[in-house]
4 protein chains.
Amino acid sequence: MSGSQTKSESRRQRVLDAALEVFAREGYGNAAVDEIARLSATSKGGVYFHFPSKQAIFLSLIDAAGALLLERTERAMAAETDPIAKGDAALLAVLRTFGGHRALARLLLIEALGAGREFNQRLSDLHADFARLIAAYLDEAVADGAFPPMDVDIASVAWFGAVNQTVTRWVLTGEPERLEDVYPTLRSLLLHGLQGPCAGENR
Amino acid sequence: MSGSQTKSESRRQRVLDAALEVFAREGYGNAAVDEIARLSATSKGGVYFHFPSKQAIFLSLIDAAGALLLERTERAMAAETDPIAKGDAALLAVLRTFGGHRALARLLLIEALGAGREFNQRLSDLHADFARLIAAYLDEAVADGAFPPMDVDIASVAWFGAVNQTVTRWVLTGEPERLEDVYPTLRSLLLHGLQGPCAGENR
Amino acid sequence: MSGSQTKSESRRQRVLDAALEVFAREGYGNAAVDEIARLSATSKGGVYFHFPSKQAIFLSLIDAAGALLLERTERAMAAETDPIAKGDAALLAVLRTFGGHRALARLLLIEALGAGREFNQRLSDLHADFARLIAAYLDEAVADGAFPPMDVDIASVAWFGAVNQTVTRWVLTGEPERLEDVYPTLRSLLLHGLQGPCAGENR
Amino acid sequence: MSGSQTKSESRRQRVLDAALEVFAREGYGNAAVDEIARLSATSKGGVYFHFPSKQAIFLSLIDAAGALLLERTERAMAAETDPIAKGDAALLAVLRTFGGHRALARLLLIEALGAGREFNQRLSDLHADFARLIAAYLDEAVADGAFPPMDVDIASVAWFGAVNQTVTRWVLTGEPERLEDVYPTLRSLLLHGLQGPCAGENR
DNA sequence: AATGAATGAGCGTTCATTCAT
DNA sequence: TATGAATGAACGCTCATTCAT
């Protein structure tokens with residue numbers, strides 16, 4: 001990796017960092033490339049040297065954020081063997097990733113949704129990727145006997161949605177102060193639903 | 001209701017109908033007031049006679065859509081007495097309302113989110129209203145002994161999120177073809193979670 | 001004069017009164033016909049029944065204001081016979097007319113100027129009318145031996161300008177509190193100029 | 001001064017030149033930024049790159065014109081020592097500055113007045129600056145014994161007004177063809193008033 | 001690689017005027 | 001006479017994108 005490559009990479013990264021902040025603060029439509037350039041201590045031309053368009057910057061951010069979320073979740077699940085523990089690990093990984101980076105949460109769960117048709121596909125793909133991850137785990141857990149047979153497609157989407165909504169509420173209203181505090185309740189709900197754990201079952 | 005009132009109201013309603021279509025198709029930022037005027041067979045000035053701003057049109061739509069959703073859900077729940085049946089009714093009402101009006105679903109679950117800070121408050125309020133409705137039901141059901149004690153705040157948000165996400169997937173990907181098809185699975189997940197109904201329990 | 005004529009006249013006058021207030025407050029360009037209608041307790045259509053256009057309202061006001069100023073000045077001069085006293089009377093009449101009606105002063109000296117080419121002609125005519133009045137007086141006074149021969153055209157314009165500027169300053173800055181307070185100084189300046197009255201001359 | 005600075009400055013100046021012409025021709029309200037852009041052989045965006053708003057362009061012009069007028073007058077007065085000669089120099093400087101630039105005269109004496117409350121302050125300031133210049137001169141001349149004691153505030157405003165009105169007439173009606181032709185008459189009026197020079201006084 | 005001046009299409013909003021009632 | 005809903009042209013301003021340097 002040559003010095004100039006490094007410099008170029010860091011410049012590109014500075015642009016992405018600035019873009020994340022601006023997009024999260026202003027939303028996609030209201031974000032100005034000028035502002036991204038200013039925040040990244042570059043010029044407008046500099047931004048356009050590294051990215052072909054404003055849209056491409058946003059897509060880069062979504063892709064990176066999605067990849068980060070997936071990777072963290074996968075890694076956390078891989079560290080466990082027990083099916084239930086795998087699920088717990090996934091839940092915690094998502095809550096921790098979003099809880100530690102509010103701008104990222106805002107970008108992925110809020111701004112990306114209304115940014116236009118072009119991004120819906122990308123977002124659908126990400127949702128699908130994540131659902132696939134959860135679905136694969138559910139399939140395994142079902143095969144393992146930990147869970148009864150179910151429609152894993154819908155179950156994974158619902159799992160994802162329940163988690164998303166608590167994160168979204170946290171982003172929009174600031175409640176609860178620490179996102180991870182929802183973990184015990186959410187865990188119980190995901191596992192046992194509203195009716196709670198069956199008698200004689202542990203935890 | 002005089003004739004002129006009727007006419008004026010109908011013009012206003014035509015604008016709202018057109019706006020719903022345009023906002024759902026283009027998103028808030030990309031929607032042009034010109035296009036709304038064209039679709040409602042009015043002039044731009046006509047639109048601005050009935051609404052002070054583009055933002056006000058959007059807010060009107062969100063408020064109306066939110067009120068419709070709440071009202072339908074409340075009405076459906078009121079028709080039942082059994083706690084479990086109330087929950088089922090709420091779930092079905094939401095799925096049917098959204099399933100019967102994809103543009104409305106897109107507006108409320110997708111476009112309103114990324115439309116800017118001004119709308120987040122309104123949306124938060126709606127989310128809170130809906131969560132309160134569910135929370136009140138859960139409180140009752142817990143008191144009734146149908147559900148064990150739980151953190152109803154988080155539970156209602158998670159309930160809402162699981163439903164929203166399936167609706168969102170339907171809006172974005174068209175799956176499943178009929179939204180209501182998710183009802184049985186979603187119902188089971190909400191009630192019993194991933195681990196399914198306890199042995200000896202009926203459905 | 002029939003009752004309806006009276007009513008019509010009074011309605012028309014109410015529009016003019018409202019227009020004077022709005023034009024003086026907002027300027028010609030920023031004044032809205034809607035606002036004039038509101039202030040005159042009429043509808044927009046009502047305004048347009050009495051006047052063919054916004055421009056016509058403004059011209060009516062300018063004409064009326066100009067006529068009032070001319071008439072007051074002429075009447076005041078007619079009441080005197082001594083040439084110097086005639087001049088004093090004219091000066092006082094102008095100061096009193098403007099001093100008693102700030103909106104009128106603002107309209108004639110400020111707003112009418114920048115309102116557009118269409119009004120410049122009208123304003124020029126008014127200026128010319130007034131200058132003619134002063135010029136006729138000066139001609140008489142010169143013939144009388146009260147003043148030495150002079151270029152009465154320029155003198156009348158300068159007279160008008162000196163007065164106008166003090167009124168304009170009053171409108172814009174509020175100084176002096178009572179416009180008529182400038183009378184003694186202005187009188188002396190107009191009669192004797194900066195060098196003051198000649199030795200042996202009385203006031 | 002680098003080449004790019006020169007180019008940027010010249011573009012900015014071209015915009016100002018075009019704006020002066022358009023504002024003088026159409027008035028502030030009727031002037032379109034599009035037209036300014038066309039006349040300066042730029043694009044609308046180009047105009048807005050150099051100025052934040054239409055209002056700012058207008059203010060720039062007023063400030064520059066006011067500064068030019070003040071500077072020319074001050075310079076002309078500084079070149080003389082005799083009080084009377086200083087006054088003559090000031091009068092000539094104003095007449096020549098306006099007489100040589102009709103658009104500038106129109107901007108400062110006509111369009112700026114009716115352009116709105118925002119500009120009145122600026123214009124008041126300019127009037128005050130100019131009045132201060134004249135007042136300072138009058139104070140000196142009084143101390144020198146050239147003029148008798150007087151209310152210099154009002155005298156300077158009247159001086160300014162008499163000159164302005166002749167310039168305004170020239171702008172509006174084109175009379176006299178050469179503005180400077182009013183100089184002798186105006187000079188005499190300002191010095192001696194309508195009653196003319198005292199017997200035994202020279203010039 | 002980087003800069004920033006320049007472009008120009010597009011948009012929200014205003015408002016004088018018209019006209020059916 | 002009077003009303004006020006409707007029209008539509010006009011305008012100030014923004015901003016993603018380009019490109020000469």
Side-chain angles (χ1 to χ4, degrees), chain A residues 4-5 7-8 11-12 29-38 41-57, chain B residues 2-5 7-9 11-12 15 29-37 40-57, chain C residues 4-5 7-8 11-12 29-38 41-57, chain D residues 2-5 7-9 11-12 15 29-37 40-57:
Chain A
S4 75
Q5 261 180 332
K7 217 173 95 189
S8 172
R11 174 71 62 113
R12 191 188 140 94
N30 287 330
V33 176
D34 265 312
E35 176 72 3
I36 296 175
R38 200 170 309 128
T42 327
S43 64
K44 223 196 266 211
V47 172
Y48 275 91
F49 177 80
H50 290 289
F51 297 91
S53 67
K54 180 183 172 182
Q55 193 177 140
I57 306 176
Chain B
S2 85
S4 73
Q5 259 181 334
K7 215 173 113 191
S8 171
E9 273 312 299
R11 178 69 65 114
R12 192 189 140 94
V15 172
N30 286 333
V33 176
D34 266 312
E35 176 71 5
I36 295 174
S40 50
T42 328
S43 61
K44 216 194 284 212
V47 172
Y48 276 91
F49 180 81
H50 290 287
F51 297 91
S53 66
K54 179 183 173 182
Q55 190 176 137
I57 306 176
Chain C
S4 75
Q5 261 181 330
K7 218 175 94 190
S8 172
R11 175 72 63 113
R12 191 188 141 95
N30 287 333
V33 176
D34 265 312
E35 175 72 3
I36 295 174
R38 199 171 309 128
T42 328
S43 64
K44 224 196 268 210
V47 171
Y48 275 90
F49 177 79
H50 290 290
F51 297 92
S53 67
K54 179 183 173 183
Q55 191 176 142
I57 307 176
Chain D
S2 85
S4 73
Q5 259 181 333
K7 213 172 115 192
S8 171
E9 273 312 299
R11 177 70 64 116
R12 192 189 140 95
V15 171
N30 287 331
V33 175
D34 267 313
E35 175 71 4
I36 295 175
S40 50
T42 328
S43 62
K44 212 193 288 211
V47 171
Y48 277 92
F49 180 80
H50 289 288
F51 297 92
S53 67
K54 181 184 171 181
Q55 190 176 141
I57 307 177

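Residue numbers begin at 1 in each chain, while the letters A, B, ... track the order of the sequences. Please read all numbers here as calculations on a predicted model, not as lab measurements.
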Original post:
Rounded to the Å, how far apart are A:E35 CD and F:dT14 P?
Top reply: 14 Å

Original post:
Whole Å only: how far is the CZ atom of A:R38 from the P atom of E:dT3?
Top reply: 14 Å

Original post:
What nucleotide, of E:dT14, F:dT3, F:dG8, holds the atom closest to the side chain of B:Y48?
Top reply: E:dT14

**OP:** Quick one: the dot-bracket string of DNA chain F, using Watson-Crick and G-U wobble pairs with both distances under 3.5 Å, [ ] for crossing pairs and | for bases paired to another strand.
**Re:** .||||||||||||||||||||

**OP:** Ignoring backbone atoms, test whether C:H50 places a side-chain nitrogen or oxygen under 4.0 Å from the OP1 or OP2 oxygen of F:dT1.
**Re:** no

Original post:
To the nearest 0.5 Å, what is the distance between OH (B:Y48) and NZ (B:K54)?
Top reply: 8.0 Å

Original post:
What are the two closest non-hydrogen atoms of A:A41 and A:R11, and how far apart are they?
Top reply: O-NH1, 4.5 Å

Original post:
Do B:K54 and E:dT13 have a side chain to base donor-acceptor pair shorter than 3.5 Å?
Top reply: no

**OP:** Could you please name the option among E:dG12, F:dA2, F:dG8 that lies closest to any side-chain atom of C:F49?
**Re:** F:dA2

**OP:** Locate the shortest heavy-atom distance separating C:R12 from C:H50; write the atom from each residue and the value.
**Re:** NH1-O, 3.7 Å

Original post:
What nucleic acid atoms does A:A31 come within less than 4.0 Å of, heavy atoms only: base, sugar-phosphate, or nothing?
Top reply: sugar-phosphate

Original post:
Rounded to the nearest 0.5 Å, how far apart are CZ of C:R38 and NZ of C:K44?
Top reply: 9.5 Å

Original post:
Looking at E:dG8, F:dT3, E:dG12, which one has an atom nearest to any side-chain atom of D:S43?
Top reply: E:dG8

**OP:** Specify the residue among C:Q55 and B:N30 whose closest nucleotide of DNA chain E lies further upstream toward the 5′ end.
**Re:** B:N30

Original post:
Looking at E:dT13, does its base get a donor-acceptor pair with the side chain of B:K44 below 3.5 Å?
Top reply: yes

**OP:** Using a cut-off of strictly less than 4.0 Å, decide whether C:R11 has a side-chain nitrogen or oxygen near OP1 or OP2 of F:dT3.
**Re:** yes

**OP:** Take A:V47 and A:I57 through the test side-chain contact (heavy atoms from CB on, under 4.5 Å) and record every step on the way to the result.
**Re:** CA-CA 9 Å; A:V47 172; A:I57 306 176; 3.7 Å; yes

Subject >> Nearest-Å distance for atom pair CZ/P, residues D:F51 and F:dT14 >> reply: 15 Å

**OP:** Could you tell me the separation between the CG atom of D:D34 and the P atom of E:dG10, rounded to a whole number of Å?
**Re:** 14 Å

Original post:
Starting at the 5' end of DNA chain E, which residue's closest nucleotide do you reach first, D:G45 or C:P52?
Top reply: D:G45

**OP:** Looking only at non-hydrogen atoms, find the nearest pair between B:V15 and B:I36 and report the distance.
**Re:** O-CG2, 3.9 Å

**OP:** Take D:S53 and A:A32, find for each the nucleotide of DNA chain F with the closest heavy atom, and name the residue whose nucleotide sits nearer the 5' end.
**Re:** D:S53

